[in-house]
Protein chains: 2
Amino acid sequence: MTKTARKSPEEKLLLAARRLFCRAGIHATGITRILEEAGVARGSLYMHYGSKENLLKAVLDTEANMWFHWFDQDLPALKCSSQERILALFDLLEKWFAKEDFFGCIFVNAVAEHEKDSGWVRDMAGTYRDQIIDRLKALVVESGARDPDVVIQKLGLIIEGAIITAMVTQSSQAAHIARLAAEDVLRCTECSPSLGKEST
Amino acid sequence: MTKTARKSPEEKLLLAARRLFCRAGIHATGITRILEEAGVARGSLYMHYGSKENLLKAVLDTEANMWFHWFDQDLPALKCSSQERILALFDLLEKWFAKEDFFGCIFVNAVAEHEKDSGWVRDMAGTYRDQIIDRLKALVVESGARDPDVVIQKLGLIIEGAIITAMVTQSSQAAHIARLAAEDVLRCTECSPSLGKEST
DNA sequence: CAGAAACTAGACCGATCAGTCTAGTTTCAT
DNA sequence: ATGAAACTAGACTGATCGGTCTAGTTTCTG
């Protein structure tokens, strides 16, 4: 169980930063605390990342890659229908939430603590979000849903709700509820030709 | 349109703090910036609130009261079924999201930027969350849903998802999607005697 | 009108922050 | 074995933070 043993200072910094940024907040986490948690010298941080901001960017990249891995590797490996693959995403979420060091999504946290009107955090989060939504879209379209765009938006909303609920309640239960809600959405979409039309 | 005219320094501080905490983040917002935005002297802040922390608490109180007002005043005033009242909540959310100074939910933001394991922010957010869920529960039970607890959790998740999506996308569209998803959940709950039972 | 309370403007303080720099140590390729 | 690069430990800097304090002005109340 030597968790941070045999890792390069670069990797130890990345892991410590991810954990602390999520657990205590980005602004509330000082460089010094990251260095202590990582067991790495001050100079190494600035040699590898140059600034706290760049370190945060690296953490965001890492988290995005987790999502990409889910969509590009884990889900396609399943031998099941594309609809079941969509639902399997919530099982991946459940595993994520259940990790002892899960303290919310760094993207949500980063957006929450930074300027909402503009800025690189917002841009970066938006770009990665779009890339994730695209992958979700491929799954939904493949499943032959009646109104893919609406389904995607509903599912995206449920996923984000699950993340926040899991962060607030500190329980992986949210993923299970989210899966049930997603099942409702998918069932309604394939069963009802036209829903109510309160246009406004 | 004199927005901050004829208001007491206390109220001007509260409004400025709420806006800035949501728009730029709590830690990223300095006392001085709040004072500038509010047009109020430094001493007045400490006379009325004593600390930045207490000011944040007051902002959280205000936001909680908005939710209580929705559940205790606005929704009961509607002459419609309790199920339609549940859905009307999403119309209130839509109005909220559409405000020019909507930049996310201060509760979510506050939890996101503070220690997740403990602390007064977490406690306060949890307490208010429970009180809001209780009100939602009353509505759901009144609507005669088959499995109220699950429905409540699904709806809570959808509501939180809507808030985050609205924050990230800066669009009130999320409320509309959330309403559609909520309709799916309610429809499935009342139509299907027993859903799939993947009990984990 | 008079006194108290609320309020303003801004100087000021100690703490802490991100980031720099120096000096010495370890690691590693050749 | 040796030199370069990576790394450590920690002192240091300038800026900024939350919060205090003083002095003078406005507003409210009786």
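Below, chain A is the first sequence line, B the second, and so on; all start at residue 1. Atom set for the values below is all heavy atoms of this structure, side chains included, hydrogens, waters and symmetry mates excluded.
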Measure from CG on Leu13(A) to C1' on dA18(C) and round the result to the nearest Å. 15 Å
Rounded to whole Å, CD of Glu11(A) lies from C1' of dA6(D) at a distance of 16 Å
Do you know which two heavy atoms are closest between Glu63(B) and Cys105(B), and how far apart they sit? OE2-CA, 3.9 Å
If I take atom CG in residue Leu20(B) and atom P in nucleotide dC17(D), what distance separates them, rounded to the nearest angstrom? 13 Å
Scan residues 20-41 of chain A for pairs that pass ring pair (Phe, Tyr, Trp, His ring centres under 6.0 Å), counting only residues two or more places apart or in two chains. His27(A)-His114(A)
Could you tell me whether Arg187(A) and Asp184(A) make a salt bridge, using a distance below 4.0 angstrom between a side-chain N and a carboxylate O? yes
Between atom NE2 in His27(B) and atom P in dA15(C), what is the gap in whole Å? 19 Å
Could you state the OH-P distance from Tyr49(A) to dA6(D), rounded to the nearest angstrom? 15 Å
Would you kindly give the CD1-to-P distance between Ile31(A) and dA15(D), to the nearest whole Å? 19 Å
Can you tell me how the ring of Trp96(A) sits relative to the ring of Trp67(A), calling it parallel under 30°, perpendicular over 60° and tilted otherwise? perpendicular
Could I get a table of every N or O pair under 3.5 Å where one atom is in the protein and the other is in nucleotides 7-10 of chain C?
unit_1, atom_1, unit_2, atom_2, d
dC7(C), OP2, His48(B), NE2, 2.6
dT8(C), OP2, Ala41(B), N, 3.1
dT8(C), OP2, Ser44(B), OG, 2.5

Give the rounded distance in Å between these two atoms: OH of Tyr46(B) and P of dA5(C). 24 Å
Heavy-atom distance under 4.5 Å between the side chains of Arg18(A) and Asp101(A), does that happen here? yes
Could you check whether Arg179(B) pairs with Glu183(B) (Lys NZ or Arg NE/NH1/NH2 to Asp/Glu carboxylate O, under 4.0 Å)? yes
Between N or O atoms, less than 3.5 Å apart, protein on one side and nucleotides 25-29 of chain C on the other: list the pairs.
none

Locate the shortest heavy-atom distance separating Glu115(B) from Ala24(A); write the atom from each residue and the value. OE1-CB, 3.5 Å
Assess whether atom NZ of Lys57(A) is packed by more than 12 heavy atoms of other residues, nucleotides or ligands within 6.0 Å. yes
Are Trp70(A) and Leu93(A) side-chain neighbours, meaning at least one heavy-atom pair lies under 4.5 Å? yes
Separation of atom CG in Leu45(B) from atom P in dG18(D), rounded to whole Å: 10 Å
